[in-house]
There are 2 protein chains.
Amino acid sequence: MKEEIPELYLENQLCFPLYAASRLTTKLYAPYLNELDITYPQYLVLMALWQHDSQSVKEIGNRLYLESNTLTPLLKRMEQKGLIQRTRSTSDERTVMISLTESGQDMKEKAKEIPHKLIESFGEGSVNEEELFNFQRALFKLVSTLNKRTV
Amino acid sequence: MKEEIPELYLENQLCFPLYAASRLTTKLYAPYLNELDITYPQYLVLMALWQHDSQSVKEIGNRLYLESNTLTPLLKRMEQKGLIQRTRSTSDERTVMISLTESGQDMKEKAKEIPHKLIESFGEGSVNEEELFNFQRALFKLVSTLNKRTV
DNA sequence: TAAGATTAAATCGTGCACGATACAAATATA
DNA sequence: TATATTTGTATCGTGCACGATTTAATCTTA
């Protein structure tokens, strides 16, 4: 017999809308990131470095919740594009320091328009400023809680 | 000179916590999905089919916001595992209908415990029921809006 | 009804994610 | 101070995502 299990409906999941929203948001960024010839994860790394230049792979990973298995190849691609520099630390030969090149720093100037453009292409009325702020707070709280649970 | 652009801080993004939350949530599911020998996207397809068996690739894609370039290989893997059947429709030779096998239907029985287990391993106090519900509503609203913007 | 447009899957190439493992450097401990 | 443990990167294999393109079937329209 067919048993109805509402707990298994897609509409009742939390994971599914997170998954969908993340992917759809990334798609919304695509046209602007394409202009800069970078991908979304690369944009995240740049944001981390624009905020605080010269971080180890580990530190960037802590910031983005990623590990070296994902970051190493990604950072190598960014190095190839001339956006960053990878240097093995002299004080601790295990760690690799990542720092922005001139080109990587300059990209910030072009990127700073992206957030505004995105709000424009998304917002179009219907979004309450305060509601959005609360939603963002809830999201970050969720991330923080999830991070504790998944260590 | 170093220009401070708060709009580019990771803490002020909406996309970044969505991306992080999505990935961390998927990680929380991993142990339970591993027991069933399925991946997270495969779990989503199963949920779609448990709710409504026998859908075309296109219909599943509309439900999950995915297209055939992602779904075709994914569904082929699920077919190999004996979870689903892929049959080309006779009425419209373009469409491929996806339906659950007996094994795919049976998995629902094992899966129905997952949502509860997840809330357990996550919840541990600190989560307001109503707050969570509102957050979920906001998430789905966001997905719906994003979907309109990215067509 | 024949030519053009649209639609549904599939294929291809690139870039993530991530578990598992390897390896060397640094740290802790006997 | 040897030995064991931990730590930071890197490597490997698998499975998504997704833009671009292809192919075949269906639908439109002149």
Side-chain angles (χ1 to χ4, degrees), chain A residues 15-16 18-31 33-35 37-45 55-62 64-81 83 86-98 150-151, chain B residues 15-16 18-31 33-35 37-45 55-62 64-81 83 86-98 150-151:
Chain A
C15 57
F16 169 58
L18 281 171
Y19 161 85
S22 172
R23 288 174 37 242
L24 291 172
T25 308
T26 302
K27 246 180 219 178
L28 212 59
Y29 277 84
L33 299 182
N34 282 343
E35 279 181 40
D37 189 33
I38 55 175
T39 66
Y40 181 71
Q42 289 170 17
Y43 178 57
L44 292 181
V45 169
Q55 296 184 57
S56 70
V57 173
K58 188 76 183 174
E59 286 168 326
I60 294 176
N62 286 339
L64 305 182
Y65 309 101
L66 289 169
E67 288 168 51
S68 67
N69 52 3
T70 300
L71 282 175
T72 298
L74 194 156
L75 293 169
K76 280 186 179 173
R77 280 186 288 270
M78 294 181 72
E79 187 183 33
Q80 293 250 315
K81 288 184 187 174
L83 295 173
R86 296 166 61 248
T87 333
R88 205 160 273 275
S89 163
T90 45
S91 62
D92 185 339
E93 290 278 348
R94 290 172 304 179
T95 80
V96 171
M97 296 305 292
I98 308 296
T150 52
V151 164
Chain B
C15 57
F16 169 58
L18 280 172
Y19 161 85
S22 171
R23 287 174 37 242
L24 292 172
T25 308
T26 302
K27 248 181 217 178
L28 212 58
Y29 276 84
L33 299 182
N34 282 343
E35 279 181 40
D37 189 34
I38 55 175
T39 66
Y40 182 70
Q42 289 170 16
Y43 178 57
L44 293 180
V45 169
Q55 296 185 57
S56 70
V57 174
K58 188 75 182 177
E59 286 168 327
I60 294 176
N62 286 339
L64 305 183
Y65 309 102
L66 289 171
E67 288 168 51
S68 66
N69 53 2
T70 299
L71 283 174
T72 297
L74 194 157
L75 293 170
K76 280 186 181 176
R77 281 187 287 270
M78 294 180 73
E79 187 184 32
Q80 293 249 315
K81 289 185 187 175
L83 295 173
R86 297 165 63 247
T87 333
R88 205 160 272 277
S89 163
T90 44
S91 63
D92 186 340
E93 290 278 348
R94 289 172 304 180
T95 80
V96 170
M97 297 303 294
I98 308 295
T150 51
V151 165

d(Gln42(A) CD, Leu33(A) CG) to nearest 0.5 Å is 9.5 Å
Look at the side-chain N and O atoms of Lys76(B) and state whether any lies under 4.0 Å from the OP1 or OP2 oxygen of dT11(C). yes
What's the spacing between Leu44(A) CG and Phe16(B) CZ if we round to 0.5 Å? 6.5 Å
Donor-acceptor pair, Ser22(B) side chain versus Leu18(B) backbone, under 3.5 Å? no
First contact, last contact: which nucleotides of DNA chain D are these for chain A, 5' to 3', heavy-atom distance under 4.0 Å? dT7(D) to dG19(D)
Short heteroatom pairs, N/O only, protein and nucleotides 1-5 of chain C, under 3.5 Å:
none

Report the residue (Thr90(A) or Leu74(A)) whose heavy-atom-nearest nucleotide on DNA chain C is the more 5′ of the two. Leu74(A)
Could you run through nucleotides 19-25 of chain C and give me one letter per nucleotide, 5' to 3': B if any protein heavy atom sits under 4.0 Å from the base, S if only the sugar-phosphate is that close, - if neither? BB----B
Using a 3.5 Å cut-off and no angle test, enumerate the donor-acceptor pairs between side-chain atoms of residues 65-79 of chain B and protein atoms at least two apart in sequence or in another chain.
residue	atom	partner	partner atom	Å
Thr72(B)	OG1	Ser68(B)	O	3.0
Glu79(B)	OE1	Arg86(B)	NH1	3.3

Could you tell me the separation between the CZ atom of Arg86(B) and the C1' atom of dA8(C), rounded to a whole number of Å? 13 Å
Mind checking what makes side chain to side chain donor-acceptor pair (under 3.5 Å) contact with Thr90(B), not counting sequence neighbours? none
Of all pairs that satisfy salt bridge (charged side-chain N to carboxylate O under 4.0 Å, His left out), the ones with a partner from residues 88-98 of chain B, not counting sequence neighbours: Asp92(B)-Arg94(B)
How close do Pro31(B) and Lys27(B) get, heavy atom to heavy atom, and via which atoms? CD-O, 3.5 Å
Between Thr72(A) and Lys81(B), who's closer to the 5' end of DNA chain D by nearest nucleotide? Thr72(A)
Close side-chain approach of Tyr19(A) and Thr26(B), heavy atoms under 4.5 Å: no
Gln55(A) to Ile60(A) - nearest heavy-atom pair and separation: CB-CG1, 3.8 Å
Round to a whole Å and report the spacing from CZ of Arg88(A) to C1' of dA26(C). 13 Å
Measure CG/Leu66(B) against P/dA10(C) and give the value in whole Å, please. 14 Å
Report the distance from atom CZ of Arg77(B) to atom P of dT11(C), rounded to the nearest whole Å. 13 Å
Distance, nearest 0.5 Å, that separates CZ of Arg23(A) from CG of Leu64(B): 8.0 Å
Please report the interatomic distance SG(Cys15(A)) to OH(Tyr43(B)), rounded to the nearest 0.5 Å. 6.5 Å
So Ser56(A), base contact, sugar-phosphate only, or nothing? Heavy-atom distance under 4.0 Å. sugar-phosphate
